[in-house]
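Read through the structure below, which is laid out as structure tokens, and then see the notes.
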Amino acid sequence: MPTPFESATLNLKLYEIRREAVLREAREWFLRDFNPETFAELVEIVSGQRNASFRMVLGYWDMAASLVTAGAIDADAFRAAHTEVFATFGKVRPFIEEMRRVSGEPDFCKQVEAVVLGAPDAEAILARRLAALRAAAKARGSTSR
């Protein structure tokens, strides 16, 4: 089990990485404009110019979550410091099994899934975050591109 100081240090490093310009823009797109309603729509979106953004965002969060599942960062400290992970995972959760099957990658997003769903109140958090994102997208008249 990491010490609180070790968890804090790694959480701060992850925060620094999140500030990198390309990742920041990809995360903004993902949370703001990536709103597929069907698996077919998801495939269409990620088959286009936003493929790199999609992979970057999910790759970053799965890598970050792997530090939790490997025991380098305390899970509660991670979830408290990186609440964005809930909204990010929530956007792909309805499609995750099909994405794994179609891609032939059964471990796709397994780390982030474990960390998010490991929260005692995961379902309530996911519901709140997704409702807030949907309301914001509706208010903007956002598309999924």
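Since the structure is predicted, the reported quantities are computational estimates derived from the model, not experimental observations.
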Closest non-hydrogen atom pair, [X] against [Y]:
X: Thr69; Y: Ala114; value: CG2-CB, 4.2 Å
X: Leu133; Y: Ala87; value: CD1-CB, 3.5 Å
X: Ser7; Y: Ala77; value: CB-CB, 4.3 Å
X: Glu25; Y: Ser53; value: OE1-OG, 4.3 Å

Should [X] and [Y] be counted in the same cluster of Ile, Leu, Val, Met, Phe, Trp and Tyr side chains packed under 4.5 Å apart?
X: Val102; Y: Ile96; answer: yes
X: Phe89; Y: Phe39; answer: yes
X: Met1; Y: Val115; answer: no

Under a 4.5 Å cut-off applied to non-hydrogen side-chain atoms, are [X] and [Y] in contact?
X: Leu23; Y: Met56; answer: yes
X: Glu84; Y: Trp61; answer: yes
X: Val92; Y: Phe30; answer: yes
X: Leu10; Y: Phe78; answer: no
X: Thr9; Y: Phe5; answer: yes
X: Asp74; Y: Glu6; answer: no
X: Thr88; Y: Val112; answer: no
X: Ile45; Y: Asn51; answer: no

Query raised in the report: Would you say Tyr15 has more than 12 foreign heavy atoms packed within less than 6.0 Å of its OH?
Result: no
Working to the nearest 0.5 Å, report the span between [atom1] of [X] and [atom2] of [Y].
X: Glu37; Y: Arg134; atom1: CD; atom2: CZ; result: 9.0 Å
X: Leu126; Y: Phe86; atom1: CG; atom2: CZ; result: 6.5 Å
X: Leu14; Y: Arg19; atom1: CG; atom2: CZ; result: 13.5 Å
X: Asp107; Y: Asp62; atom1: CG; atom2: CG; result: 9.0 Å
X: Glu41; Y: Asn35; atom1: CD; atom2: CG; result: 8.5 Å
X: Arg32; Y: Arg27; atom1: CZ; atom2: CZ; result: 14.5 Å

Is any side-chain N of the basic residue among [X] and [Y] closer than 4.0 Å to the acidic one's carboxylate O?
X: Arg79; Y: Asp76; value: yes
X: Arg93; Y: Glu123; value: yes
X: Arg101; Y: Glu98; value: yes
X: Arg100; Y: Glu113; value: yes

Report task. Sequence neighbours left out, what passes salt bridge (charged side-chain N to carboxylate O under 4.0 Å, His left out) with Arg55? Give chain and number order. Result -> none
Requested in this report: Given ring-ring contact (aromatic ring centres under 6.0 Å, His included), test Trp29 with Phe34 step by step and report yes or no.
Outcome: CA-CA 6 Å; Trp29 165 79; Phe34 176 71; 5.3 Å; yes
